[in-house]
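Note sheet for the following structure.
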Amino acid sequence: MPFTIATWNINSVRLRIDLVTRFLAEHGPDVLCLQETKTMDDAFPRQAFAAAGYGHLAIAGQKGYHGVAIASRRPFDILDRPDWCAMGDARHLAVRFADGLLLDNFYVPAGGDEPDPARNPKFDHKLKFLGEMAAWGAARRATAARAILVGDLNVAPLEHDVWSHKQLRDVVSHTPVETDLLATVQSAQGWVDAMRHFVPATEKLYSWWSYRARDWQAADRGRRLDHVWVTPALTGALRRMTVLRDARGWDKPSDHVPVLVTLDL
DNA sequence: ATGGTGGGTACCCCA
């Protein structure tokens, strides 16, 4: 049975609820994982999701910043909403579907501008967060043969996950310390990069384009900050992957676009 | 080399 999962950093779910419902109507994923909802739980637009057929919701919001949510056509149990780095941030939800499939939705700290943990506390936080993820991954491995991890991981790990490997080597999101750490997180639990399963590492692949470009499309200076990982037991079930680049050109867009992966489960 | 554009919130944080 086909199962489509989507991940999207929405940059305010309230402001862009019409883009969300358009996306759900046009692409109809089974599950949509959102990051940067920027909305308290009591102000989350539940009704719009229910009306679109997504009556099962997991919400972890906070005032003004961060926030993740999972909207699903299928029921699930909420497993966990961890407090990473003891910051009190809403950055992760873990759920389990009836067939035992685990799903993690992450929003990793962006890390500020300066890639020096001694001078920039936000970068220090990002490195500590990724370090905790690696330790968590190792512990998780034994319990979850079938699992999917998605989210805005705020790291573009491969050379062709950025428009210029050379020019972004010292730019937060693509520094060696971050890409090495993300590789450690990935290998700690044996995650498979589902996007790169479909697109060779030699081809450019982005999911984010800055708001600050004069013409994002012409410049095409993107980065792949959003990810879909699956456990090895699921690699044989991978069928399709779409980066919905068109969504960057919608009216009042997020700077991230949805990434969809379809598996035959 | 710099500053560019967007969020939320409350006069400044963050991406």
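Chain letters run A, B, ... following the sequence lines, proteins first, then strands; residues in each count from 1. Source: prediction; values computed, not measured.
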Separation of B/dT5 P from A/Lys252 NZ (nearest whole Å): 13 Å
Apart from A/Met133 itself, residues in the same hydrophobic cluster as defined by side-chain heavy atoms under 4.5 Å: A/Trp84, A/Phe106, A/Val108, A/Phe123, A/Leu127, A/Phe129, A/Leu130, A/Trp136, A/Leu149, A/Leu153, A/Val155, A/Val172, A/Val177, A/Leu181, A/Leu182, A/Val185, A/Trp191, A/Trp229
ILVMFWY cluster membership beyond A/Leu225 - transitive side-chain contacts under 4.5 angstrom: A/Trp208
Atom-to-atom span, CD of A/Gln167 to P of B/dA1 - whole angstrom: 12 Å
Rounded C1' spacing from B/dA15 to B/dG3 in Å: 15 Å
B/dT5 and B/dT9, which share atom name P, separated by this distance in whole Å: 23 Å
Intermediate values then yes/no, salt bridge (charged side-chain N to carboxylate O under 4.0 Å, His left out), A/Asp18 and A/Lys252: CA-CA 10 Å; A/Asp18 291 346; A/Lys252 300 271 278 174; over 6 Å; no
A/Arg16 vs B/dG7: side-chain N/O to OP1/OP2 distance below 4.0 Å: yes
Distance between P atoms of B/dT2 and B/dG6 (Å, rounded): 23 Å
Base versus backbone protein contacts along nucleotides 8-15 of chain B [heavy-atom cut-off under 4.0 Å; B, S, -]: SSS--BSB
Residue pairs passing the side-chain hydrogen bond (donor to acceptor under 3.5 Å, both in side chains) test where at least one lies in residues 58-71 of chain A, sequence neighbours excluded: A/His66-A/Arg91
Can you give each donor-acceptor pair under 3.5 Å made by side-chain atoms of residues 43-61 of chain A, sequence neighbours left out, with the distance rounded to 0.1 Å?
from: A/Tyr54; atom 1: OH; to: A/Pro29; atom 2: O; distance (Å): 2.5
from: A/Tyr54; atom 1: OH; to: A/Arg73; atom 2: NE; distance (Å): 3.4
from: A/Tyr54; atom 1: OH; to: A/Arg73; atom 2: NH2; distance (Å): 3.3

Side chain to side chain contact (heavy atoms under 4.5 Å, CB included) partners for A/Ala145, two or more places apart: none
